[in-house]
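Inspection log for the structure reproduced underneath, given as structure tokens.
Quick note: numbers below take in every heavy atom, side chains included, and nothing from hydrogens, waters or symmetry partners. First the proteins, then the strands, lettered A, B, ... as listed; each starts at 1. Only a predicted model underlies this, so the values are computations on that prediction, with no experimental measurement involved.
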Number of protein chains: 2
Amino acid sequence: MADNLSTVSSANLAEAANVNPAKVRKDLSYLGSNGTRGVGYDRMQLCFEIRGHLGLYHESPIIIMGAGNLGSALANYSEFSNSGFYVVGIYDLDPDRIGTAINGQKIRHIHDLEADVSTHGVTIGVITTPPEAAQETAERMVAAGIQSILNFAPTVIHVAESVNVRRVDLSTELQILSYYRGQHPEEQAS
Amino acid sequence: MADNLSTVSSANLAEAANVNPAKVRKDLSYLGSNGTRGVGYDRMQLCFEIRGHLGLYHESPIIIMGAGNLGSALANYSEFSNSGFYVVGIYDLDPDRIGTAINGQKIRHIHDLEADVSTHGVTIGVITTPPEAAQETAERMVAAGIQSILNFAPTVIHVAESVNVRRVDLSTELQILSYYRGQHPEEQAS
DNA sequence: AGCTGTGAACATATTCACAGCC
DNA sequence: GGCTGTGAATATGTTCACAGCT
């Protein structure tokens with residue numbers, strides 16, 4: 001790791017990310033050939049290129065559906081601002097929660113959703129509702145104009161094919177760990 | 001979907017999970033052949049089989065490192081109890097938080113970690129610390145006897161190969177959505 | 001007839017290995 | 001000499017398609 005300051009090699013990156021150097025090179029090659037043979041990748045150029053490809057130069061507004069513990073945690077998640085996202089609203093049905101502020105964000109009633117989405121041009125929404133409300137919530141989000149959904153509720157939601165859905169299930173993650181424990185001593189990620 | 005009550009077909013399951021029926025069958029076949037040709041899978045037997053394979057018949061103790069918003073949210077996450085996990089301790093360094101209770105769970109000082117892990121025989125730990133503390137925390141967990149780590153900190157941690165690590169990065173999830181938006185109208189998950 | 005279980009076909013992802021450039 | 005970029009080789013994952021059981 002005799003680090004040159006302005007440059008980084010696929011081997012360096014691979015070590016940091018716990019992956020194979022060839023994979024780093026192949027993946028980066030899809031963004032165009034930005035490295036210099038015999039030298040490596042220019043750090044700044046690489047950052048620039050990656051951020052560009054991820055669309056992080058325009059900050060994207062997101063909404064959070066459900067102001068329970070997880071929704072509140074996400075509203076406070078400062079990492080989002082470093083990653084090109086900002087929360088424009090947190091929505092709930094519970095009258096006790098509505099109007100309460102989380103990290104400067106007022107919790108809003110779900111009937112403000114449609115207006116907010118169109119005002120701010122939001123296309124990404126996060127579901128942190130209880131599982132039984134997730135499907136209905138998803139449908140309402142889609143109807144309001146949301147195109148991409150990150151679903152933390154432990155349910156599979158069904159929406160139009162054109163809507164992008166990713167599911168993150170915390171229990172499932174633990175179950176996967178639990179399953180691998182003792183069975184496969186190999187690393188599967190990092 | 002002419003549902004028989006005690007039996008379920010790979011097509012039923014596939015529809016619910018948004019995947020291909022053949023995949024369901026192939027996956028289930030790894031647990032042994034539990035279906036009946038011409039009929040389907042017996043619901044109860046299937047549940048039993050899957051729970052067994054995931055090791056959910058013995059409840060597993062877990063610990064949570066970091067009592068910030070996310071750690072607190074996880075401590076309250078009721079779905080864990082339905083999935084075979086229970087939280088034996090939440091640990092933090094902040095003196096203002098220690099002793100405070102979250103959902104009946106007292107936040108404990110990190111120096112109780114080693115004793116608690118060995119007393120309860122904990123093998124799974126969750127990291128919800130700030131990123132700069134994650135590596136150190138992971139090392140301490142491993143030294144205490146933790147064998148599987150679920151890492152929510154936006155950092156890649158490096159530990160012995162024998163330790164199972166899964167990373168869940170909330171910003172990355174959004175970035176993936178953001179990347180796919182507009183590019184691939186196909187579904188990638190559910 | 002209906003549905004599982006699975007080899008074979010296909011698709012995708014990862015790694016190797018080396019030519020080509022600096 | 002050192003490191004990228006990439007075809008070819010390998011490994012893994014998914015789907016097809018159908019034989020075989022009920």
Go through it in stages, so that I can follow the logic: the residues are I149(A) and V142(A), the test is side chain to side chain contact (heavy atoms under 4.5 Å, CB included), and I'd like the CA-CA distance, side-chain angles, deciding distance and then a yes or no. CA-CA 9 Å; I149(A) 295 177; V142(A) 171; 4.1 Å; yes
Specify whether F80(A) and F85(A) have parallel, tilted or perpendicular ring planes, treating 30° as the upper limit for parallel and 60° as the lower limit for perpendicular. perpendicular
More than 12 heavy atoms of other residues, nucleotides or ligands under 6.0 Å from OH of Y86(A): yes or no?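 Yes.
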Report the distance from atom CZ of R25(A) to atom P of dC21(C), rounded to the nearest whole Å.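 So the CZ-P distance, R25(A) to dC21(C), works out to 16 Å.
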Protein-nucleotide distance (E15(B), atom CD; dC3(C), atom P), rounded to Å: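 About 13 Å, once rounded to whole Å.
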Pairwise N/O distances under 3.5 Å, protein to nucleotides 10-14 of chain C:
from, atom 1, to, atom 2, distance (Å)
dT14(C), OP2, K23(A), NZ, 3.2

Name of the residue among T129(A), D116(A), T137(A), D112(A) meeting side-chain hydrogen bond (donor to acceptor under 3.5 Å, both in side chains) with Y91(A): D116(A)
With respect to S10(A), which candidate in R25(A), E15(A), K26(A) satisfies the side-chain hydrogen bond (donor to acceptor under 3.5 Å, both in side chains) definition? R25(A)
Could you report the tightest heavy-atom contact between I102(A) and A75(A), atom names first, then the distance? CG2-CB, 4.0 Å
E139(A): which residues meet the side-chain hydrogen bond (donor to acceptor under 3.5 Å, both in side chains) condition with it, sequence neighbours left out? Q135(A)
Presence of S10(B) side-chain N/O under 4.0 Å of dT4(C) phosphate oxygens OP1/OP2: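 The answer is yes; a side-chain N or O of S10(B) sits under 4.0 Å from OP1 or OP2.
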Can you give the first and last nucleotides of DNA chain D, 5' to 3', that have an atom under 4.0 Å from a heavy atom of chain A? dG2(D) to dA8(D)
Check the hydrophobic clustering (I, L, V, M, F, W, Y; side-chain heavy atoms under 4.5 Å; chains of links allowed) and say if L177(A) and Y179(A) are grouped together. yes
